[in-house]
There are 2 protein chains.
Amino acid sequence: MGARIKDVAERAGVSVTSVSRVLNGEKYISQRILDKVNQAIKELNYSPSQIARSLKKQKTNTIGVIVPDFTNYFCSTILSSIEESASEYGYNLIVCNIAENLDKELKYLQAVQEMRVDGIIIMHQKTDERILSFIESASMPILFSCVRSPLPDRFSVLINDYQAASDATDYLIGLGHRRIAFLGGDLEDVTSGQSRYQGYLDALSKAGIPLNPDFVKFGNYKQESGRIRMKEILEQGAGERPTVVFAASDDMAVGAMNCILDYGLRIPEDISIMGFDDSLIAKAVRPMLTSMHQPARELGRTSLEYLHNLIEDRGQPCCKEIYLPHRIMERASCRRI
Amino acid sequence: MGARIKDVAERAGVSVTSVSRVLNGEKYISQRILDKVNQAIKELNYSPSQIARSLKKQKTNTIGVIVPDFTNYFCSTILSSIEESASEYGYNLIVCNIAENLDKELKYLQAVQEMRVDGIIIMHQKTDERILSFIESASMPILFSCVRSPLPDRFSVLINDYQAASDATDYLIGLGHRRIAFLGGDLEDVTSGQSRYQGYLDALSKAGIPLNPDFVKFGNYKQESGRIRMKEILEQGAGERPTVVFAASDDMAVGAMNCILDYGLRIPEDISIMGFDDSLIAKAVRPMLTSMHQPARELGRTSLEYLHNLIEDRGQPCCKEIYLPHRIMERASCRRI
DNA sequence: ATGAAAGCGCTAACAC
DNA sequence: GTGTTAGCGCTTTCAT
């Protein structure tokens, strides 16, 4: 990258200090110098080095984002929303796709630390000792988005997964369902996976509905796992079929839907189905999917704003977990029985 | 971030050079020093600064990726595949979501240049003079992925959009269709948008089928625009309906599908439909979507590999445009008539 | 209002 | 094998 600040200074016949001042838009610079410097910058096609600037200022205006899976609608919506806000605040994003690989996550955490990002947003679901200990000893702000922080002194922005799953189950019970199957995410996912399952369990028990273990299966939030687990439920021989399936993600719900449809059953006449996330795909399938709405864009924006506050040391959020409101989006895939 | 290399050196009682050597895994270091340094690193929880390293080495091991829209399945698949390869080669990714905003793209291009990324991958569809002139005068390697390079001395990795659209149209003609509607992407998208349209036109004319202007609409590749344009075609009063709709993206195809379905028409009995991209959504909808397959993961991987070669100065690719093979994925949404 | 010079944390000659 | 030291390109006191 050709020109350095020194070249600009020489060309303009001024000191590097003056060039730096122009670059940083300081006041108290004479018009004469301003013009000469701008002229020289143009002539040399000069682009200042953020590397050098970051080294000196000990600030990179960069934040690292750890995402489980770019190709997941919900993740990419959050990411896109984080990006939008980051752009407003002048941050650039280093993104890391960990693909549920803890080794990769650790490697990335180290990498962004070495790059001296100003802060980190983590959306991972699983974790392990190494990662926990990294986070614990890291000195930069770290915020968890859409998952609960595993550590007491780190913050998270998310919905109340337990309450949301419980509300969803209540809703299905209110529709007259008693045989309610649950297609869970990963149980190793200690934050949303377990919370959503627990919400389902408690809502059933509150309504006095006994749990049918045949109606509970776990996957990995992806479509294919929804299809496979649904198949297991349908082929379980003897027992009765559920009248509704509550999936812990829209992707799993769609997988289950297609399994049901491919079996020649109708939705919602034979089996109702409810998703979780209310991602774009919920409106793309037919029948349209009733789903628990997570305010994805607000989650992304709020995550970035809180991280920004942490970085600027504007004091801590009010509480360790910031809950954004969830709500049920009623569509065509659940019927009253 | 507490400790610097100097602190480690003092703690270990050696010179900074020795620490640097250990850090960079050089050989010819005595076991004694190695142990002492590693010990000190651990005790101080030292993390080397990539900023300082980059400044010195004039290399950041970072590449910038300009993406039109994270939330698009096809984009996110490419991105995820680029990420995967980048990770193998030891690059970190700065990603930029431009949301079809040219101002934002220019801002981002400047930003990644200032961050001294080792190279840039661009996936944008539209462009303008300012961006062109930036790219022209930029001194780092820039590679276009999934779009044709607008500049003669820059490379691209993509499929042959013209040929693919022409093949798709041929396929539909082979199925007996003559009333073939076309749901195009953006005509301002000078690379794929125009090429796909031209492929469609030429295939029709080669088969001696006159173009029906009522059957051609343009959108923006997104679902909603597919739905809206399809509605226009369906409500066009007087004329006959098309027997098949060829959409320039799967998302538009799904939008069109839902419009058709919501109209009470059947797919493919009443109208067949064909998509483009073969993204995840093609298999998520019912009937499953016949689509022109783009080898997304290979496109991403190849893009990164060629950029890497450019960065390492391993000579230029064989040709300006590297075409990867496309193919038709036959599914249930198109019938022979 | 402008400039000289120190130093951010690291690497790589070069010397021993 | 190991250490000394000069920068990488910038910002920022501190003088003037």
Side-chain donor/acceptor of [X] to base of [N], under 3.5 Å:
{"X": "A/S18", "N": "C/dA1", "value": "no"}
{"X": "B/R116", "N": "D/dG9", "value": "no"}
{"X": "B/T17", "N": "C/dT11", "value": "no"}

Side-chain N or O of [X] closer than 4.0 Å to phosphate OP1/OP2 of [N]:
{"X": "B/S15", "N": "D/dG3", "result": "yes"}
{"X": "B/S30", "N": "D/dG1", "result": "no"}
{"X": "B/Y46", "N": "C/dC10", "result": "yes"}
{"X": "A/R4", "N": "D/dG9", "result": "yes"}
{"X": "A/Q58", "N": "C/dG9", "result": "yes"}

Exercise. Toward the 5' end of DNA chain D, which comes first, B/R32 or A/L23, by nearest nucleotide?
Worked result: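 Mapping each residue to its closest nucleotide by heavy atoms, the 5'-most match is B/R32.
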Exercise. According to the interplanar angle, ranging from 0 to 90°, do the rings of B/F144 and B/H124 count as parallel (below 30°), tilted (30 to 60°) or perpendicular (above 60°)?
Worked result: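 Correct class here is tilted.
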Problem set entry | A/V19: which of A/V8, A/I33, A/N24, A/N38 passes side chain to side chain contact (heavy atoms under 4.5 Å, CB included) |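 Answer to the side chain to side chain contact (heavy atoms under 4.5 Å, CB included) test with A/V19 among A/V8, A/I33, A/N24, A/N38: A/V8.
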Exercise. Base, sugar-phosphate, or nothing: which does A/I33 touch, judged by heavy atoms less than 4.0 Å apart?
Worked result: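 Sugar-phosphate, no base atom in range.
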For this session: Assign B/I29 to base, sugar-phosphate, or nothing according to its heavy-atom contacts below 4.0 angstrom with the strands shown.
Result: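 Sugar-phosphate contact only - B/I29 comes under 4.0 Å of backbone atoms but never of a base.
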Exercise. What's the NZ-P distance between A/K56 and D/dG7, to the nearest Å?
Worked result: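 It works out to 18 Å between those atoms.
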For this session: Would you mind reading off the distance between A/I41 atom CD1 and D/dC10 atom P, rounded to a whole angstrom?
Result: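 Rounded to the whole Å, the gap is 10 Å.
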Exercise. Is it true that the side chains of A/N92 and A/T62 contain a donor and an acceptor less than 3.5 Å apart?
Worked result: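 The answer is no; no qualifying pair exists.
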Exercise. With a 3.5 Å cut-off and no angle check, do the side chains of A/Q39 and A/E43 form a donor-acceptor pair?
Worked result: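 Side-chain D/A pair, A/Q39 to A/E43: present.
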For this session: Map A/R21 and B/I5 onto DNA chain C by nearest heavy atom, then report which one ends up closer to the 5' terminus.
Result: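 Its nucleotide being nearer the 5' end, the pick is A/R21.
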Exercise. Taking for each residue the nucleotide of DNA chain C with the nearest heavy atom, is it A/Q31 or B/K6 whose nucleotide lies nearer the 5' end?
Worked result: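 By nearest-heavy-atom nucleotide position, the 5'-most residue is A/Q31.
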Exercise. Does the ring centre of A/Y73 sit less than 6.0 Å away from the ring centre of B/Y73?
Worked result: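 Under 6.0 Å, so yes.
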